[in-house]
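Notes to accompany the following structure.
Counting starts at 1 for both ligands and their atoms, in listed order. Values reported hereafter were calculated over all heavy atoms of this structure, with side chains retained and with hydrogens, waters and symmetry mates removed.
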Amino acid sequence: MVTEEQVTTALKQVFVPTAEQSVIDLNLVRKITIADKNITVTLASTALADEVQNFVAAGVKSALQQFKNTVVQVDFVAAKPQELNEIKNIVAVMSGKGGVGKSTVAVNIAVALAQSGARVGLMDADIYGPNIPTMLGVEKLPPPNGNKLVPAVAYDVKMISMGLLVKPGQPLIWRGPMLNSAIRQFLADVEWGELDYLIVDLPPGTGDAALSLAQALPLSGAIIVTLPQLVSLEDASRGLQMFRTLEVPILGVIENMSYLDLPDGTRMDIFGSGGGEQLAQATQTPFLGKIPIDQNVRIGGDSGKPIVISHPDSPVAKALREIAESLAAKISVAALGGKNELPINIVE
Ligand code: ADP
């Protein structure tokens, strides 16, 4: 009789075209059942587009043809773990490259949503530069509750960060399996409680880490943070493409560090201008707004007081609040359209 191990070995040859990795590397196999002649492989659909699911299902069948006289069935299940049913919307914040203000936007939007009365969580999944604890002035997590991690709370936002899970000074070297298990832990082993929004700060770029995270999370949508200059647009549009492939709705583009207002009333476009709007237009994505440059953003970030708290009346804070509001509106529209339901496809 065929063993589970033999099936697993065969599945290593089944590649997901959009990710160029196998279903095993991507940790998509949820169950392998072998009963008599019947082999059933259950895979997480994890936002895989329908045609990708069909391609993968065909790949599984062809890889298992080597086991003669067997009937192979491939099922897909939505990847939303039981624990996440209490979380209404999971929104990823991404950027084409580092340093554009992705974490700053994630933190301030989370705090602004909490200020408006929503129940908000913030997952710092930027494993290469987990700086959200500093931005929120959090040094450590509360003691775990049994085997569940308990998030820290700052400005009414529940927060968890990879940066708080490793010892200071310990290098963060993530290999596939480690990353996958860390993501699973972030998803399932955190006592989030009921949340209206879970904002996820993804690693910058469209590399493996960002991709596996985006695939592992049952995302309601994604927002892209970019600079006004055209060079950063190319990276950002790759990010857009990644979410499109994963069938995650793009909630919009945010242009950060758009301009600097000088004391004499003039405005300086330090990083060029108009790039965010251009990207939104070119990709038919909503433009969520511009955030000006203000040194208080950095000062607030370094001292653990986000600008929507430290300077609530500043133009930056105002822009961030407006973006948070329009984001909330877009999410509820997307939810009404049922777009945040992951497809469950049974392939015969
Ligand atoms: P990323 O997450 O994209 O790497 P960060 O959010 O860490 O970027 O921001 C990079 C640096 O730029 C931080 O020091 C941050 O305080 C600063 N910064 C971000 N947005 C602004 C802004 N609008 N005005 C001034 N400084 C900003």
Original post:
For ligand 1, is there an N or O atom under 3.5 Å from any N or O atom of Gly101?
Top reply: yes
Original post:
Just checking, is any N or O donor in the side chain of Ser258 or Glu255 under 3.5 Å from an acceptor N or O on the other one?
Top reply: yes
**OP:** Return a yes/no value for Gly98: is any of its N or O atoms, backbone included, closer than 3.5 angstrom to an N or O of ligand 1?
**Re:** no
Original post:
How about atom 25 (C) of ligand 1: does it have a protein heavy atom within less than 4.0 Å?
Top reply: yes
Original post:
Which one holds for Met94 and ligand 1: side chain close, backbone close, both close, or neither close, with close meaning a heavy atom under 4.0 Å?
Top reply: neither
Original post:
Hey, quick one: are Leu43 and Phe67 part of the same hydrophobic cluster, counting side-chain heavy atoms closer than 4.5 Å, chains of contacts allowed?
Top reply: yes
Original post:
Between Asp294 and ligand 1, which residue portion shows a heavy-atom distance shorter than 4.0 Å: side chain, backbone, both, or neither?
Top reply: backbone
**OP:** Return the minimal non-hydrogen interatomic distance between Ala110 and Val157, and the atom names on each side.
**Re:** O-CG2, 3.6 Å
Original post:
Is there side-chain contact between Ile270 and Tyr259, with heavy atoms separated by less than 4.5 Å?
Top reply: no
Subject >> Geometric N/O contact Val316 with ligand 1, under 3.5 angstrom >> reply: no
Original post:
Between the candidates Met135, Met257, Lys102, which shows the shortest non-hydrogen contact distance to atom 12 (O) of ligand 1?
Top reply: Met257
**OP:** Pick one of side chain, backbone, both or neither for how Pro204 approaches ligand 1, counting any non-hydrogen atom pair under 4.0 Å.
**Re:** neither
**OP:** Among all protein heavy atoms, pick out the one at the shortest distance from atom 16 (O) of ligand 1; state its residue, atom name and that distance to 0.1 Å.
**Re:** Arg298 CA, 3.1 Å
**OP:** Could you pull out all residues at least two apart from Asn256 that satisfy side-chain hydrogen bond (donor to acceptor under 3.5 Å, both in side chains)?
**Re:** none
Original post:
Distance from Lys290 atom NZ to Glu277 atom CD, nearest 0.5 Å?
Top reply: 5.0 Å
**OP:** Examine the proximity of ligand 1 to Asn131 and report which part, side chain or backbone, both or neither, has a heavy atom under 4.0 Å away.
**Re:** side chain
**OP:** Without swapping roles, check the side chain of Lys158 against the backbone of Trp192 for a donor-acceptor pair under 3.5 Å.
**Re:** yes
Original post:
Tell me, which protein residue and heavy-atom name are nearest atom 27 (C) of ligand 1, and how many Å apart are they?
Top reply: Val297 CG1, 3.5 Å
**OP:** List in chain and number order the residues that pass side-chain hydrogen bond (donor to acceptor under 3.5 Å, both in side chains) with Asp313, two or more places apart in sequence or in another chain; answer none if no residue qualifies.
**Re:** none
Subject >> Side-chain donor or acceptor of Thr3 paired with backbone N/O of Gln6 under 3.5 Å >> reply: yes
**OP:** Tell me which protein heavy atom sits closest to atom 6 (O) of ligand 1, plus the residue, atom name and distance to 0.1 Å.
**Re:** Thr104 OG1, 2.5 Å
**OP:** Look at atom CZ of Phe287 and say whether more than 12 heavy atoms of other residues, nucleotides or ligands are closer to it than 6.0 Å.
**Re:** yes
Original post:
Got an N/O contact under 3.5 Å between Gly99 and ligand 1?
Top reply: yes
Subject >> Any N or O of Asn256 closer than 3.5 Å to N or O of ligand 1 >> reply: yes
Original post:
Within less than 4.0 angstrom of ligand 1, does Pro292 place any heavy atom?
Top reply: yes
